[in-house]
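This report concerns only the one structure given below.
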Amino acid sequence: MTDVSWHTWADTYQARPRRTAAPGDTAAVAAAVLSAADEGLRVRMVGSGHSFTDVAVTDGLLLSPTSLAAVRSVDPEAGTATVEAGLPLCDFNDVLAEHGVALANMGDIAVQTMAGAVQTGTHGTGRDSGGLASQVVGLEMVLADGSVVECSPDRDPGLFHSARVGLGAFGVVTALTMAVRPAFLLYAREEPMPLDEVLERLPELRAGNEHFEFFWFPHTGNTNTKRNNTADGPARPLSGFRTWLDDDFLSNTVFERVNRVCRRHPRLVPAVNRISSRALSARRYTDTSHKVFASVRDVRFVEMEYAIPAEHLVDVLREARRIVDRGDHRVSFPVEVRFAPADDVWLSTAYGRDTAYVAVHVYKGTPHEAYFADMEAVFTSVGGRPHWGKMHTRDRSYLEKVYPRLGEALAVRDRVDPGRRFGNDYLERVLG
Ligand SMILES: Cc1cc2nc3c(=O)[nH]c(=O)nc-3n(C[C@H](O)[C@H](O)[C@H](O)COP(=O)(O)OP(=O)(O)OC[C@H]3O[C@@H](n4cnc5c(N)ncnc54)[C@H](O)[C@@H]3O)c2cc1C
């Protein structure tokens, strides 16, 4: 046992690996996997630890991604870019911008590693473009026997379809080839709107915007809506002061203090939410796509998110509101609602269905179990699929009912990792 301890961003799980290594290229990853096999150790490459679940935890050899972080190529004409597993998404965005290209869509932070983000199905919101894994067109991987393979829709498609959202279960991803498009600006329109109006106008808001999402403030009927659409320009970014005020001061510094007070005095939460939901006023700006998609999140929280069939969203939110109104829980964090088109990634939360995502959060250190359990019951009643990197209590017996291709993915796993070299406790629960 090393003295190295590793923990997730939210400190929800810790790991005490037997050994760590930071391989600098694909051959070094293969050698590390083989040496772990000799010692009978399980192996896992971690990302930046931003999953809330124990999906990244290992008791064997922990591979750090920090030395495997080069951009291998960017080909604007082909619309592809190949990046090593450990490069943070924000750094990849910058390199793509230098070449005049960009990813079509992403989530709301960009500090995750490329492989870590893709492996759990990280997504943003989109009408036409889906999560990061749906933008992967090829993977380079090291399998359990130390072999280096490339897979794509044409080369070992079974492995490709299984391993894009692969939870690290199929092998160590060493490089990803991503689809990219010409760089673009987004016009962001953010404004408060009553929840009832959002739900009534949902079809129009979704159809009329490339990226629509909203945040509902529990204990109130208020939301903050965000509409991001491709724009010709010119870029009109927020002023430095407005960015600091909204994104740093109100969304991070003040929000942190407010949450600390609410954790100590939960009865204040409804009144505080009424004030918070009015504090962020409407704003409009135009900026480089990745600067609009992603922002900094300093306030630590614990999150559960489910992907539900989009047609159930209104009923699910009404039920969620009834649960909050019943008064058993005091919830200081907004509920985030996003969307994705159906994709073809076997273990993606949006596989084969038009999807709405509903995410619930609590401030770090606040008990989440009872609130999450009540919400999870609502999400699973409509066949919801939990985000693989966010808190949930589902196991294989449930997941095989909501993932029609799970059986095929498990057969691929039996082929490429029969001895479960890449296993961990989380995978035993969700994949068996
Ligand atoms: C503040 C915050 C905001 C977030 N926002 C969003 C969001 O907007 N949308 C969303 O969908 N999710 C979001 N998440 C969740 C987050 O994007 C995912 O949990 C993501 O997987 C974290 O990436 P990571 O690099 O930290 O990977 P880790 O959490 O470290 O690892 C995730 C998984 O990937 C595996 N892995 C990592 N590298 C490799 C590799 N090279 N080969 C094989 N397997 C590998 C790990 O073993 C593990 O199984 C957020 C999380 C936080 C804390």
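Ligands are counted one by one from 1 in listed order, and the atoms in each one are counted from 1 as well. Not measured: the values here are computed from a predicted model.
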The one among A115, G171, A359 that brings a heavy atom closest to atom 43 (C) of ligand 1: G171

F301 vs K364 side-chain heavy atoms within contact, under 4.5 Å: no

Numbered atoms of ligand 1 (with element) below 4.0 Å of L167, judged on heavy atoms: 49 (O)

Where ligand 1 meets R338 - atom numbers and elements under 4.0 angstrom, heavy-atom basis: 7 (C), 8 (O), 9 (N)

Per-atom contacts, ligand 1 versus V173 - under 4.0 Å to a heavy atom: 40 (C), 41 (N), 42 (N), 43 (C)

Where ligand 1 meets V46 - atom numbers and elements under 4.0 angstrom, heavy-atom basis: 30 (O), 37 (C), 38 (N)

E303, portion touching ligand 1 at heavy-atom distance under 4.0 Å: neither

Per-atom contacts of ligand 1 with I109, taking only distances under 4.0 Å to non-hydrogen atoms: 1 (C), 2 (C), 3 (C), 4 (C), 5 (N), 52 (C)

N/O separation below 3.5 Å, W9 to ligand 1: no

Sub-4.0 Å heavy-atom approach of F301 to ligand 1: yes

Heavy-atom gap A117 to ligand 1 smaller than 4.0 Å: yes

Heavy-atom side-chain contact between H392 and F379 under 4.5 Å: no

Close side-chain approach of M304 to H368, heavy-atom, < 4.5 Å: no

Min heavy-atom dist G49 to ligand 1 below 4.0 Å: yes

Heteroatom proximity flag, E305 to ligand 1, N/O under 3.5 Å: no

Under 3.5 Å side-chain donor-acceptor pair for T349 and Y357: yes

Option nearest atom 33 (C) of ligand 1 (shortest heavy-atom distance, choices L139, T120, T8, V172): T120

Distance-only N or O hit between ligand 1 and G107, under 3.5 Å: no

T122 N/O to ligand 1 N/O under 3.5 Å: yes

Shortest reach to atom 23 (O) of ligand 1 by a heavy atom, considering only H123, M45, Q112: Q112

Mode of A85 contact toward ligand 1 - side chain, backbone, both, neither (heavy atoms, under 4.0 Å): side chain

Ligand 1 versus M141: contacting region, heavy-atom distance under 4.0 Å: neither

Selection from P88, A110, G47, A10 by shortest heavy-atom distance to atom 28 (P) of ligand 1: G47

Min heavy-atom dist M114 to ligand 1 below 4.0 Å: no

R297, any N or O under 3.5 Å of ligand 1 N or O: no

Part of H50 within contact of ligand 1 (heavy atoms, under 4.0 Å): both

